[in-house]
Amino acid sequence: MRNNKVVAADARTVTVLGATGSIGDSTMDLLRGARGRYSVVALTANSNVDALAKLAKEFGAQFAAIADPARLGQLKDALAGTGIECGAGESAVIEAAARPADWVMAAVSGAAGLKPALAAVDRGAAVALANKECLVCAGDFFMQRAAKAGACILPADSEHNALFQALSSGNREELVRVIITASGGPFRTWAARDIEQATLAQALKHPNWSMGQKITIDSASMMNKGLEVIEASYLFALSADEIDVLVHPQSIIHGMVEFSDRSVVAQLGAPDMRIPIAHCLGWPDRIVGPSARLDLAKIGQLTFEAPDFERFPGLRLAYESLRTGRGATTVFNAANEVAVAAFIAGQIRFGAIARLVEATLNDWIRGGNLAPLSSADDAISVDHNARNRAAALLPQIALKAS
Ligand code: NDP
């Protein structure tokens, strides 16, 4: 028994990797609002069987994959009698990505998202990319594979989506620089000594965006903006010197591109992830989105500040690792993940997050470990080893006061 969906004969086929997460939820919401125009091929999750099975039934998916192999029986039971095929384990998530769908949302979190995204890239799909690790951990290699397969990478992150839209106003030779905006997070106006001592509850109070815990803490440290600078570099083949960050507390302008004639083209919108995702979903056309319309008269004013690399050293470290290359951005990301987990667990102070990232990067470089990454396994191995280095350095960072 399948659901009672009505799908147009020319419906676009779509797959959502990480369908049960925050980005997945926004994507499914858009698909729900455009019933009949999209036909769901596959949906995936890590362990949330109930939510995955519910979505698979609601959208009449052909295939549902759960990454946790121990949950296959549970998923089979939940989908019994529906005719929806299912699988479990990493290979099933990769199979979901490899099944023929015109458009794939890559929204698995963490390094686990790399291989499934590559499976979609390799068959030349249009891939809406939310997962940061594909670019931060394996950017060169990932973009080369996409070019080789003729896959179209559609940036789902709001800042990169803004740049993607603005870049179409000129060509590469005419581009001077891109500008990524940052809200500045909850500690934008705080003194360095207060940021050092910030609590988890304070770090989780993002002024504008509603997101998961890890990315919210990264916004507070501005590590997230650093990750976005790295992503922009790989996505659009830009040097570190061609990417600027501008603090813009209202989060209305998401990205801008400056061209040689001094025109600056910006993309604006309410801080709602459904806007960039809708752009990816409709591309190359536009769909009718459910988000609130932008009312600039009501907002009143848009303000801007230069970023402070002293109070937010994570941003400086991101630029340094981008300039270093040869796996340094993979190390930057891995060390940050270990540091954030340690902060959440109460093992280190907020200010020690950047110190652990810096210590890990220095240790990695001193150890002569820098080398170009040429495969997904290379990237995953550097990610794994850098996490171990960061974990080994953690106790001494935890003890050291600023
Ligand atoms: P969530 O943690 O909300 O969701 C992650 C999704 O991936 C869930 O469906 C989860 O399944 C699944 N998943 C987790 N681990 C694995 C694994 N090992 N194997 C397979 N599937 C797994 O993350 P977000 O939606 O917030 O973010 C997804 C990606 O998008 C991240 O890389 C993030 O940095 C990026 N991003 C997010 C933004 C946001 O606004 N949230 C903005 C821009 C980028 P389950 O539910 O079963 O755990």
Side-chain angles (χ1 to χ4, degrees), residues 15-29 42-56 64-71 74-75 78 87-97 104-117 119 127-138 142 154-164 180 182-183 204 206 208-219 223-228 230-232 235 251 254-255 270-277 279-280 291 333 336-337 340-341 344 380 383:
T15 281
V16 183
L17 308 172
T20 53
S22 158
I23 295 284
D25 188 52
S26 294
T27 308
M28 301 317 289
D29 191 43
L43 299 174
T44 79
N46 185 35
S47 57
N48 194 342
V49 168
D50 291 344
L52 177 64
K54 194 167 172 233
L55 286 171
I66 192 93
D68 180 354
R71 295 182 195 256
Q74 223 182 316
L75 183 60
E90 186 191 47
S91 60
V93 178
I94 293 172
E95 182 191 337
V104 176
M105 166 53 79
V108 168
S109 53
L114 180 57
K115 285 188 179 174
V127 178
L129 191 62
N131 175 283
K132 290 183 190 295
E133 285 73 13
C134 291
L135 295 170
V136 176
C137 301
F142 186 85
L154 302 164
D157 209 347
S158 57
E159 293 80 0
H160 305 88
N161 185 267
L163 297 181
F164 185 68
I180 296 176
S183 71
L204 287 175
H206 196 284
N208 303 338
W209 295 93
S210 160
M211 304 179 291
Q213 198 177 52
K214 158 76 171 49
I215 192 169
T216 305
I217 293 168
D218 285 346
S219 298
M223 286 285 182
N224 185 51
K225 214 41 60 179
L227 292 168
E228 288 176 5
I230 297 166
E231 283 181 85
L235 261 176
S251 297
H254 304 294
D272 179 343
M273 280 309 294
R274 291 175 304 175
I275 297 175
I277 297 171
H279 177 259
C280 294
S291 307
N333 177 67
N336 181 51
E337 288 202 10
V340 171
I344 293 171
I380 288 166
D383 175 76

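We count residues from 1, following the sequence as given. All ligand and atom numbering here is 1-based and tracks the order in the structure.
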(request) Measure from atom 35 (C) of ligand 1 to every heavy atom in Pro276, Ala130, Ala156 and give the option owning the shortest one. (result) Ala130
(request) Classify the contact between Glu133 and ligand 1 as side chain, backbone, both or neither, using a heavy-atom distance cut-off of under 4.0 Å. (result) side chain
(request) Taking Thr44 for its side chain and Gly18 for its backbone only, find out whether a donor-acceptor pair lies under 3.5 Å. (result) yes
(request) Would you give the length of the straight line joining atom NE2 of His160 to atom CG of Leu129, rounded to the nearest 0.5 angstrom? (result) 9.5 Å
(request) Identify, by atom number and element, the atoms of ligand 1 in contact range of Ala67, meaning under 4.0 Å from any of its heavy atoms. (result) 19 (N), 20 (C)
(message) Distance under 4.0 Å to a non-hydrogen atom of Met273: what atoms of ligand 1 satisfy this?
(response) 40 (O), 42 (C)
(message) Can you report which non-hydrogen protein atom sits closest to atom 26 (O) of ligand 1, along with the distance?
(response) Ser22 CB, 3.6 Å
(request) Report the C-alpha separation of Lys214 and Asp218 in whole Å, then their side-chain angles, then the decisive distance to 0.1 Å, and conclude whether the salt bridge (Lys or Arg N to Asp or Glu O under 4.0 Å) test is met. (result) CA-CA 6 Å; Lys214 158 76 171 49; Asp218 285 346; 2.4 Å; yes
(request) Output the list of atoms in ligand 1 that are nearer than 4.0 Å to some heavy atom of Asn48, sorted by atom number. (result) 46 (O), 47 (O)
(request) Mark up the atoms of ligand 1 that fall under 4.0 Å of a heavy atom belonging to Ala112, in ascending order. (result) 17 (C), 18 (N), 19 (N)
(request) Would you check whether Thr44 has a nitrogen or oxygen atom less than 3.5 angstrom from a nitrogen or oxygen atom of ligand 1? (result) no
(message) I need the nearest protein heavy-atom contact for atom 6 (C) of ligand 1: residue, atom name and distance, please.
(response) Ala107 O, 3.6 Å
(request) Starting from atom 43 (C) of ligand 1, find the nearest protein heavy-atom neighbour and note its residue, name and distance. (result) Asp157 OD1, 3.0 Å
(request) Among Ile23, Asn131, Val127, Val108, find the residue that satisfies the side-chain contact (heavy atoms from CB on, under 4.5 Å) test when tested with Leu17. (result) Val108
(request) Measure from the side-chain N and O atoms of Asn161 to the backbone N and O of Ala156, and report whether any donor-acceptor pair falls under 3.5 Å. (result) no
(request) Nearest 0.5 Å please: distance from the CG atom of Asp272 over to the OG atom of Ser251. (result) 12.0 Å
(request) Going by heavy-atom distance to atom 22 (C) of ligand 1, choose the closest among Asn46, Thr20, Asp50, Asp218. (result) Asn46
(request) Could you list the atoms of ligand 1 found under 4.0 angstrom from a heavy atom of Lys132? (result) 32 (O), 34 (O)
(request) Could you list the atoms of ligand 1 found under 4.0 angstrom from a heavy atom of Gly21? (result) 1 (P), 3 (O), 4 (O), 8 (C), 9 (O), 25 (O)
(message) Tell me the protein heavy atom at minimum distance from atom 14 (C) of ligand 1, and give that distance in Å.
(response) Ser109 OG, 3.4 Å
(message) Quick check for you: to the nearest 0.5 Å, what is the distance between Arg71 atom CZ and Leu52 atom CG?
(response) 11.5 Å
(message) So, applying side-chain contact (heavy atoms from CB on, under 4.5 Å) with Met105, which one of Thr15, Ile277, Leu154 is it?
(response) Ile277
(request) Would you kindly specify which portion of Ile215 sits under 4.0 Å from ligand 1, judged on non-hydrogen atoms: side chain, backbone, both or neither? (result) side chain
(request) Nearest 0.5 Å please: distance from the OG atom of Ser109 over to the CD atom of Glu133. (result) 7.5 Å
(message) What I want to know is whether Ile23 and ligand 1 share at least one N or O pair that is separated by under 3.5 angstrom.
(response) yes
(request) Can you pull out the closest protein heavy atom to atom 21 (N) of ligand 1? Residue, atom name and distance to 0.1 Å, please. (result) Val108 CG1, 3.6 Å
(message) Quick one: does any side-chain atom of Asp157 pair with a main-chain N or O of Glu159 as donor and acceptor, under 3.5 Å?
(response) no
(request) Enter the distance from Leu43:CG to Ile66:CD1 here, rounded to the nearest 0.5 Å. (result) 11.0 Å
